[in-house]
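Working notes, beginning with the structure itself.
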There are 2 protein chains.
Amino acid sequence: MPERRSRKDAVRNREAVLAAADALFSRRESPEDVTMADVAAAAGVGKGTLFRAFGDRAGLLRALYAARLASMREAVESGPPPLGPATPPRERVPALLDAVLCFKLDNRPLALALEGSGNGSPYRAEHYAWWHGLLRTVLEQIPGLAEPGFTAHALLAATRADLVEHLAGKECLSRQQLRAQLKEFSVRALSSASR
Amino acid sequence: MPERRSRKDAVRNREAVLAAADALFSRRESPEDVTMADVAAAAGVGKGTLFRAFGDRAGLLRALYAARLASMREAVESGPPPLGPATPPRERVPALLDAVLCFKLDNRPLALALEGSGNGSPYRAEHYAWWHGLLRTVLEQIPGLAEPGFTAHALLAATRADLVEHLAGKECLSRQQLRAQLKEFSVRALSSASR
DNA sequence: GACGATACGGACCGCCGGTCCGCTTGGCAA
DNA sequence: TTGCCAAGCGGACCGGCGGTCCGTATCGTC
């Protein structure tokens with residue numbers, strides 16, 4: 001299985017598209033009005049190339065998301081506390097949620113585009129499965145906490161991109177306030193278990 | 001301001017559309033493949049009539065949703081415990097969330113369509129504002145519970161239509177399991193406050 | 001019965017995600 | 001260096017959707 005190599009113009013174009021899309025989603029306010037044609041044009045590439053490289057719109061979004069998420073994934077999987085695996089569960093859960101929140105705040109249009117992409121639910125994306133699996137295993141280490149699977153879903157739901165957008169935009173909460181309130185909530189959701 | 005009456009063929013058509021849409025969203029599995037043209041055809045009405053009556057797709061969905069929600073609204077605002085206003089806050093919160101959950105389970109395609117309607121976030125819809133306002137005022141009556149506004153959002157987020165869909169569909173949780181887990185979660189989220 | 005306001009309906013529009021296919025280019029072998 | 005062909009390119013094209021427009025039909029009133 002020799003793992004067929006891509007031609008190098010293909011990888012160059014792939015990078016160009018990724019960079020262009022990254023820039024567009026950062027600049028434009030609403031993710032809705034970044035079209036595939038826009039991205040292709042901004043990357044100096046034909047639409048065919050774009051779709052060949054990423055399959056469809058959701059594929060592009062996922063690739064972008066994954067790229068931006070990479071550093072945090074590493075920090076979570078093998079970094080120092082409070083995010084890394086050496087942290088005691090009761091502290092790590094709020095830290096993880098805080099990280100998710102901050103990530104979504106820093107990547108609002110992209111997160112919005114990905115979660116809101118009409119067709120498939122956000123729950124099928126592999127990055128969600130990763131977050132959920134991780135959070136669940138951490139929750140499982142807290143004695144007396146029933147239903148870690150559901151709890152993980154429910155806690156992550158509090159960081160949904162459109163909710164964050166609503167709170168930060170319409171209700172004018174600052175980053176600090178949001179983080180504090182989410183922390184408060186997550187701690188409370190864990191506090192009664194096996195005290 | 002004499003509150004201009006509608007012509008009666010107009011109201012008849014409006015009802016027909018509502019009924020047709022109701023049926024379509026119940027029958028078809030994915031809300032995505034119920035188009036406006038489908039609804040118009042099923043109602044025996046032109047597209048122009050449909051759009052005149054409801055403005056746009058989101059308007060139709062909201063109208064449908066509101067109609068189905070009416071009975072529950074009444075039960076919440078002036079019904080008997082555990083949903084009605086006479087219930088003590090600590091019991092009413094889980095009851096309210098359970099009601100939301102059951103409603104979404106009973107109206108999966110519609111809820112999915114409304115929350116997932118690409119353009120505007122679900123948080124701008126007036127029915128969400130109503131749920132949130134209600135839940136917040138109930139939470140405010142629980143002493144020692146900080147940030148009732150955020151808590152209300154976070155708890156409601158655990159009942160998001162696509163999450164419910166995922167849990168009921170992909171993870172194969174039964175109605176009973178879902179309700180039990182949500183109840184467990186909501187109780188825990190309240191439990192530590194001023195015991 | 002007549003007449004203005006209101007509503008009807010379906011042809012039509014613009015847009016967007018996604019496909020297709022004739023042309024170009026990279027990479028390998030002779 | 002040359003020749004060859006698979007891999008890749010790109011933009012014209014397509015199907016379908018939400019939404020609009022306007023000539024026609026209907027309502028309701030005088």
Side-chain angles (χ1 to χ4, degrees), chain A residues 2-21 24-25 28 30-64 109-110 112-120, chain B residues 1-21 24-25 28 30-64 109-110 112-121:
Chain A
E3 173 72 23
R4 337 235 327 126
R5 299 284 299 146
S6 300
R7 249 165 57 172
K8 76 180 166 198
D9 55 344
V11 314
R12 182 169 40 74
N13 278 330
R14 191 188 158 89
E15 308 263 322
V17 166
L18 230 33
L24 279 183
F25 278 108
R28 298 271 233 288
S30 171
E32 301 293 314
D33 49 52
V34 177
T35 72
M36 294 292 103
D38 287 342
V39 175
V45 143
K47 284 179 64 177
T49 304
L50 195 165
F51 281 97
R52 168 175 291 271
F54 296 97
D56 58 7
R57 184 182 170 88
L60 172 59
L61 295 175
R62 267 183 271 121
L64 248 183
L110 182 56
L112 224 39
L114 189 55
E115 293 187 19
S117 81
N119 41 10
Chain B
M1 236 133 287
E3 176 70 24
R4 319 186 43 79
R5 300 285 297 147
S6 298
R7 248 166 58 172
K8 78 179 167 194
D9 54 347
V11 313
R12 182 169 40 76
N13 279 330
R14 191 188 159 89
E15 307 263 323
V17 166
L18 230 34
L24 279 184
F25 278 108
R28 296 273 231 290
S30 170
E32 300 293 315
D33 48 53
V34 176
T35 72
M36 294 290 103
D38 287 342
V39 174
V45 142
K47 285 179 63 177
T49 304
L50 196 166
F51 281 97
R52 168 176 290 272
F54 296 97
D56 59 7
R57 183 181 170 89
L60 171 60
L61 294 175
R62 266 183 272 121
L64 248 183
L110 181 56
L112 224 40
L114 187 56
E115 293 187 18
S117 80
N119 42 10
S121 84

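Note: hydrogens, waters and symmetry copies are ignored here, and every other heavy atom, side chains too, is used. Chain letters run A, B, ... following the sequence lines, proteins first and then strands; every chain starts at 1. All values reported here derive from a predicted model rather than from experimental measurement.
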To the nearest Å, give me how far apart [atom1] ([X]) and [atom2] ([N]) are.
| X | N | atom1 | atom2 | value |
| --- | --- | --- | --- | --- |
| Arg52(B) | dG18(D) | CZ | C1' | 17 Å |
| Arg28(A) | dC16(C) | CZ | P | 10 Å |
| Asp33(A) | dG17(C) | CG | C1' | 15 Å |
| Phe54(A) | dT19(C) | CZ | P | 16 Å |
| Met36(A) | dG18(C) | CE | C1' | 10 Å |
| Asp38(B) | dG18(D) | CG | C1' | 13 Å |
| Phe51(B) | dC13(C) | CZ | P | 17 Å |
| Glu32(A) | dC15(C) | CD | P | 16 Å |

With sequence neighbours left out, what residues match Asp9(A) under side-chain hydrogen bond (donor to acceptor under 3.5 Å, both in side chains)?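 If we apply the side-chain hydrogen bond (donor to acceptor under 3.5 Å, both in side chains) test to Asp9(A), skipping adjacent residues, the hits are Arg7(A).
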
Which residues satisfy the side-chain hydrogen bond (donor to acceptor under 3.5 Å, both in side chains) test with Arg52(B), sequence neighbours excluded?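 Checked Arg52(B) against side-chain hydrogen bond (donor to acceptor under 3.5 Å, both in side chains); zero matches.
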
Write out all pairs satisfying salt bridge (charged side-chain N to carboxylate O under 4.0 Å, His left out) with one or both partners inside residues 11-20 of chain B, taking only residues at least two apart or from two chains.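 Matches after skipping sequence neighbours: none remain.
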
Contact list please: residues 40-48 of chain B against DNA chain C, heavy atoms, distance less than 4.0 Å, in numerical order.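 Val45(B), Gly46(B), Lys47(B), Gly48(B), in order of number.
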
Please name the pair of heavy atoms, one in Val45(B) and one in Leu50(B), separated by the smallest distance, quoted to 0.1 Å.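 Closest heavy-atom pair between Val45(B) and Leu50(B): CG1-N, 4.2 Å.
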
What heavy-atom pair brings Arg57(A) and Phe51(A) nearest, and what distance separates the two atoms?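 The pair with the smallest heavy-atom distance is N-CE2, 4.4 Å.
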
In Å and rounded to the nearest 0.5 Å, what is the [atom1] to [atom2] distance from [X] to [Y]?
| X | Y | atom1 | atom2 | answer |
| --- | --- | --- | --- | --- |
| Asp38(B) | Arg28(B) | CG | CZ | 4.5 Å |
| Asn13(A) | Leu18(A) | CG | CG | 12.0 Å |
| Leu61(B) | Leu64(B) | CG | CG | 7.0 Å |

Taking only the side-chain nitrogens and oxygens of Asn13(B), find out if one of them lies under 4.0 Å from OP1 or OP2 of dA7(C).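 No, outside the criterion.
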
Under 4.0 Å: is that the gap between some side-chain N or O of Thr49(A) and OP1 or OP2 of dG8(D)?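 No.
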
N/O to N/O distances under 3.5 Å, protein versus nucleotides 27-30 of chain D:
from, atom 1, to, atom 2, distance (Å)
dG28(D), OP1, Lys8(B), N, 3.3

side-chain contact (heavy atoms from CB on, under 4.5 Å) partners for Ala41(A), two or more places apart: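 If we apply the side-chain contact (heavy atoms from CB on, under 4.5 Å) test to Ala41(A), skipping adjacent residues, there are no hits.
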
